[in-house]
Amino acid sequence: MEVIRRSVVAKPVLVVCRSAWRRSLQSSPTNVAMFTTIQRKRLVKLNTVLACSAQSPETTYGRIKSLQSFSSSRTFSVSLCKFKSKNSSTGHESAVDDGESEEDFIGDAEVEELFQQQIPTGIGEEDHRVFIVHPDVKWGQKKQYLTTADLQMEEAVGLVKTLQNWTVVDKIIISTKMPEKKRIFGKGNFQALTEKIRRAPGVTAVFMNIERLSPLSERDLQEVWGVKVFDRYSLVLHIFRRNARTKEAKLQISLAEIPLLKSRLKNEVANLDQQGGGSRYIMGSGETLYEVQQRLLKERELKIRSALQQLRKKRHLLRSQRKNKDFPIISVMGYTNCGKTTLIKALTGDAGLQPKDQLFATLDVTVHAGRLPSHMTVLYVDTIGFLSQLPHQLIDSFSATLEDVAHSDLIIHVRDISHPETVNQKVNVLNILKNLQIPEKLISSIIEVHNKIDLAEGYESNEPEAVPISALKEMGLEELKQRVEEAVVKSTGKQIMTLKVQLNSPQLGWLYKEATVEEVHDGGDDCTANVKVIISTAAYGRYRKLFQVT
């Protein structure tokens, strides 16, 4: 009787095991390796359970039930298997989440776990020899009118070279009329491209220089060419992941990867359905394989958003403290690698800033104090650089960081005036600012800075309001500081006035602490002085009330 019970329990489990093993082999070499490291251990455990079943059938059934996650941890990724096994091996999946406090969401260990937990295939530390393909769209909504195919290819090469140990093997520009087609190009062009890629020596990846490939197109191109295929979205995510240093950057990148994981998951499960068995229900759970993996992704996304919300609250608190100290906040924005960090270093003298000549060197918002000609202290906010042709999801994931821009008193828009695409870059930055719903008052008061004039031969500005500078050579900075001061006084509602103070009272010391003292002149007797200050309306009200000034 005990043998019969054992066979009834064991048979469906072994069927699931064989099915999972077969599907793992069909997917990719990565999944074979995953099976050897994860699934084999579970099979050993399963055999141990079955070996003990003759002594205790009821216990056997309970243990086998706790292993039902075996089939759901198939081929999505190694990290997904780890996530599932961590929760299911104890038999109570929600215990870990239920026990966490709000503070746990922003711990270093938790952030690192989320960052490393599920990495989209091909996004990580591996290096590549890349063949770059730029589809030159001839007409329609996707045609770029403010640039050329050659300049777009140049930017694509710059993106690849940003990644250390990545090399460009070859590149090609091919015309296309319908870039939304599955294979991007017509039959003849696609066949010629395929032959060229196959002849290129040692190619390990193809970079298709378009905003986003559909999961179906990505899979089809990878099958035809036999190498990894990147679009701009996945390549920039790769750069972000390598450059991430802080908790907030890592969380924002993990959030930006969720749409990529979701689209690939749907495509992968659809592929399994065609092979048979892909929609089979997980034993006893009432969920299909796709539903289980989708739920795990949703849970991870909610956890990341909760952690970001905690950091958003902290950032809001820091903003409140800056406002209470009455420091004007100036956001420095621009296209990636336009010289924002170099400019802030020149304006503040902050030796800790180390600008890098590469794309997306700055992923985190940092704040640096500087002084204007009047000795007014202001805070310069360094922001992430922008790039053309990126999906909204990527910018949305950094919305918590970019909230600082909406709460600033002034925006400085830095342009690399020596770049051949400077006009196109300006349009892209302004479009992104509008999409971020920056207040119109802030948009209209933007100070535009033409940086790197030392690299622009025969520079002549046709925009009289722009301030020409070279942040690296520290040219034109005094004029910029003067413009910034005038704009800050106007935007913050501060007043410039001369006050007569009593030197035998704490009035002068108070003004140095609560306002910006520009000049102090003798008042004509031993006990008074005429003090020129820049002071906010609120501070002036406190001054009058405290010192009984009429």
Side-chain angles (χ1 to χ4, degrees), residues 76-77 115 118-126 128 130-135 137 141-142 144 147 152-153 155-163 166 168 171 176 179-184 204-222 225 227-244 249-268 297 300-301 304 335-337 358-360 363 384-399 401-402 424-425 428-429 431-432 435-436:
F76 185 47
S77 70
F115 186 57
Q118 281 177 260
I119 304 174
T121 306
I123 307 295
E125 295 301 321
E126 63 268 37
H128 284 291
V130 184
F131 191 109
I132 303 178
V133 181
H134 176 70
V137 182
Q141 291 183 342
K142 294 189 177 182
Q144 298 288 312
T147 185
Q152 288 177 289
M153 174 60 81
E155 183 176 79
V157 171
L159 282 170
V160 172
K161 289 184 175 180
T162 297
L163 290 159
W166 283 46
V168 177
K171 57 186 179 180
T176 181
E180 66 280 356
K181 290 177 61 176
K182 181 180 177 182
R183 293 188 172 180
I184 314 298
T204 61
V206 173
F207 173 29
M208 189 69 70
N209 191 29
I210 62 175
E211 180 179 310
R212 187 85 182 267
L213 284 167
S214 70
L216 190 62
S217 292
E218 181 184 4
R219 188 184 70 183
D220 182 63
L221 294 176
Q222 288 181 166
W225 295 333
V227 295
K228 179 64 190 170
V229 178
F230 293 98
D231 52 23
R232 287 174 73 90
Y233 186 52
S234 57
L235 188 69
V236 170
L237 277 178
H238 206 118
I239 296 171
F240 281 7
R241 178 165 276 277
R242 286 202 174 183
N243 287 350
K250 290 179 178 181
L251 287 170
Q252 289 172 140
I253 292 162
S254 298
L255 184 62
E257 289 171 346
I258 293 290
L260 195 60
L261 289 165
K262 285 183 176 178
S263 62
R264 289 180 178 179
L265 171 61
K266 186 174 182 179
N267 189 50
E268 179 183 324
L297 266 181
R300 179 168 180 256
E301 181 180 358
I304 293 171
Y335 208 80
T336 183
N337 206 30
Q358 67 178 55
L359 304 179
F360 300 113
L363 291 181
I384 183 175
F386 297 137
L387 188 73
S388 64
Q389 298 184 61
L390 283 181
H392 289 300
Q393 296 102 317
L394 200 54
I395 295 298
D396 289 346
S397 65
F398 283 81
S399 60
T401 298
L402 294 171
N424 188 37
Q425 291 178 354
N428 284 317
V429 171
N431 285 338
I432 291 172
N435 291 335
L436 290 172

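Here, residue 1 is the first one in the sequence, and each next residue gets the next number.
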Looking only at heavy atoms, which two atoms of Arg212 and Asp231 are closest? And how far apart?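 Here Arg212 and Asp231 meet closest at CA-OD2, 3.4 Å.
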Taking atom [atom1] of [X] and atom [atom2] of [Y], what is their separation to the nearest 0.5 Å?
X      : Y      : atom1 : atom2 : result
Ile304 : Ile258 : CD1   : CD1   : 4.5 Å
Ile253 : Leu237 : CD1   : CG    : 8.0 Å
Asn337 : Thr162 : CG    : OG1   : 8.0 Å
Thr204 : Trp166 : OG1   : CH2   : 7.5 Å
Lys250 : Arg241 : NZ    : CZ    : 9.5 Å
Glu155 : Arg232 : CD    : CZ    : 4.5 Å

Non-neighbouring partners of [X] that pass side chain to side chain contact (heavy atoms under 4.5 Å, CB included), sequence neighbours left out:
X      : result
Val157 : Ile132, Met153, Lys161, Val168, Lys171
Asn431 : Val427
Thr176 : Pro135, Val137, Pro179, Phe185
Lys182 : Leu216, Ser217, Asp220

**Report entry** With sequence neighbours excluded, residues passing side chain to side chain donor-acceptor pair (under 3.5 Å) with Gln222
**Finding:**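 Partners of Gln222 under the side chain to side chain donor-acceptor pair (under 3.5 Å) test: Lys228.
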Applying side chain to side chain donor-acceptor pair (under 3.5 Å), can you list everything that pairs with Asn428, at least two apart in sequence or on another chain?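 In terms of side chain to side chain donor-acceptor pair (under 3.5 Å), with neighbours along the sequence ignored, Asn428 is linked to no residue.
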Taking the six-membered ring for Trp, are the ring centroids of Phe207 and His128 within less than 6.0 Å of each other?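 When the ring centroids of Phe207 and His128 are compared, they turn out to be at least 6.0 Å apart.
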Practice prompt. Using the side chain to side chain contact (heavy atoms under 4.5 Å, CB included) rule, take Val206 and Leu221 through it: C-alpha gap first, then chi angles, then the decisive distance, then the call.
Written response: CA-CA 9 Å; Val206 173; Leu221 294 176; over 6 Å; no
